[in-house]
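All figures in this text were calculated on a predicted structure; none of them were measured in a lab. Counting starts at 1 for both ligands and their atoms, in listed order.
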Amino acid sequence: MHTVQVALADRSYPIYIGAGLLARGKLLAQHLPQNRAALITDTTVAALYLDRVAEALGAAGVSVTKVVVPTGEQHKDWRNLNAVFDTLLANHCERKTTLVALGGGVIGDLAGFAAATYLRGVPFIQLPTTLLAQVDSSVGGKTAINHPRGKNMIGAFYQPLAVIADTATLNTLPDRELSAGLAEVIKYGLIRDPAFFAWLESNIEALIGREPAALAYAISRSCENKAEVVAADEREESGARALLNLGHTFGHAIETGLGYGTWLHGEAVAAGTVMAARLSQHLGLIGAPEVARVAALLERARLPVNAPDLGVERYLQLMGMDKKVEGGRMRFILLRAIGSALLTAEVSRDALAAVLAAPVAHA
Ligand code: NAD
Ligand code: GLY
């Protein structure tokens, strides 16, 4: 087991990474303020892992309330948030009852927001079971539900007490979901870790082939990167954390524009990352070889590099909902090299329109 620490003073917490961790009930139980937990998951993950986790917790002396919501991005909404509250209230879950998110980023975000708001805030633990959740969404305390007008529009910053990433759960993950997670892994290399990007270029086929050592390294290195960024700018105030949003302004527009769940989040981020790279090229920050290098790695990860053609006006309307908009101006994460990114509002409408007008063509 490898442990990465998220350093946030009295709210610091460990990320445990290793195979078979879901069966280790005491690893989770040691973090509980009360021997009660509500396990929140989706129908797909429930069939695979819910009983295993409930039994492991039972053996560690923890009584469990099970909460199962429908699978899918389109269900990360206020209806299912309310359904979670219904079950918690019906079972008299208390202020010291810990909400445990068992699943991918949809469950982590939904359960995390439930934890932030139920009884004005209850303890929370993440058990991520997708690659995307193990490398990104379970770490850092961003929780949210979607609104029909925009992704993740309603939420809270709320840190977990611990993250327990059982890498063996990735054995049951569909190929398409594994690739979606790689989009966020590649992101860390692009924004701040050129050596990791080069390692990914050498090892992407090993990751696609689910070689355990390669996956374990990619997850650990991603978590180290994310932990450093979150420790530096927990609430996305200085601009450091905003860099984690490379490709997301475009990606969220794709997800909302096509309808939640049509493209996976990681797929939308991949195509959005190529758009961000092309915008960076348009502004003279990087050249065509860098754009080609970005697109080539994403393609080898079996991710889409061509965005859907939603039309310039629709893209602009959707991107206007971005949470980074400040004083009415959109702000973008751009690349100034492989391994270095910046946040800027200095993007002309012409440059943006040029990228959006031909979203299916890349360098
Ligand atoms: P997801 O939670 O929908 O999981 C993907 C699919 O895999 C689902 O069908 C799920 O049921 C299934 N699944 C989960 N674990 C499995 C396993 N081990 N075996 C088989 N199937 C499994 O999607 P995701 O890609 O994990 O997360 C995407 C979400 O995360 C988006 O809503 C995105 O906005 C959010 N996100 C949040 C943050 C953050 O910082 N909070 C960061 C990135 C993404
Ligand atoms: N996934 C972006 C962030 O955590 O800030």
Item to complete: In plain terms, say whether Glu236 and Lys323 are close enough for a salt bridge, that is, a side-chain N and a carboxylate O under 4.0 Å apart.
Response: no

Worksheet item: So how far is it from Asp166 CG to Met1 CE, rounded to the nearest 0.5 Å?
Response: 11.5 Å

Item to complete: Could you tell me whether Lys66 and Glu55 make a salt bridge, using a distance below 4.0 angstrom between a side-chain N and a carboxylate O?
Response: no

Discussion item. I'd like to know if the side chain of Asp233 reaches the main chain of Arg241, judged simply by a donor and an acceptor atom lying under 3.5 Å from each other, with no hydrogens or angles considered.
Written reply: yes

Practice prompt. In plain terms, say whether Asp322 and Arg331 are close enough for a salt bridge, that is, a side-chain N and a carboxylate O under 4.0 Å apart.
Written response: no

Worksheet entry | Pairing of Arg329 and Glu346 as salt bridge, 4.0 angstrom limit | yes

Fill in: Carboxylate-amine/guanidinium contact Asp109 Lys142, below 4.0 Å
no

Worksheet, complete the sentence: Distance filter under 4.0 Å, heavy atoms only, around ligand 2 gives Asp136, Lys142, Lys226, Arg241, Leu244

Discussion item. Among residues at least two apart in sequence or on other chains, which ones pass side-chain hydrogen bond (donor to acceptor under 3.5 Å, both in side chains) with His248?
Written reply: Glu184

Anything under 3.5 Å between an N or O on ligand 1 and a protein N or O? List each pair with its distance, or write none.
residue  : atom   : partner : partner atom : Å
ligand 1 : 2 (O)  : Gly105  : N            : 3.1
ligand 1 : 2 (O)  : Val106  : N            : 3.0
ligand 1 : 11 (O) : Asp42   : OD1          : 3.2
ligand 1 : 11 (O) : Asp42   : OD2          : 2.8
ligand 1 : 15 (N) : Thr129  : O            : 3.3
ligand 1 : 15 (N) : Thr129  : OG1          : 2.7
ligand 1 : 18 (N) : Thr129  : O            : 2.9
ligand 1 : 18 (N) : Thr169  : O            : 2.9
ligand 1 : 18 (N) : Thr172  : OG1          : 3.3
ligand 1 : 19 (N) : Thr172  : O            : 3.3
ligand 1 : 19 (N) : Thr172  : OG1          : 2.7
ligand 1 : 26 (O) : Gly105  : N            : 2.8
ligand 1 : 26 (O) : Thr130  : OG1          : 2.7
ligand 1 : 27 (O) : Gly105  : N            : 3.1
ligand 1 : 32 (O) : Glu73   : OE1          : 2.7
ligand 1 : 32 (O) : Glu73   : OE2          : 2.9
ligand 1 : 32 (O) : Lys76   : NZ           : 2.8
ligand 1 : 32 (O) : Lys151  : NZ           : 3.2
ligand 1 : 34 (O) : Lys76   : NZ           : 3.3
ligand 1 : 34 (O) : Lys151  : NZ           : 2.6
ligand 1 : 34 (O) : Asn152  : ND2          : 3.4
ligand 1 : 40 (O) : Lys226  : NZ           : 3.4
ligand 1 : 41 (N) : Asp109  : OD1          : 2.9
ligand 1 : 41 (N) : Lys142  : O            : 2.9

Item to complete: Quick one: which residue pairs count as a salt bridge (Lys or Arg N to Asp or Glu O under 4.0 Å) with a foot in residues 1-29, not counting sequence neighbours?
Response: Arg11-Glu234

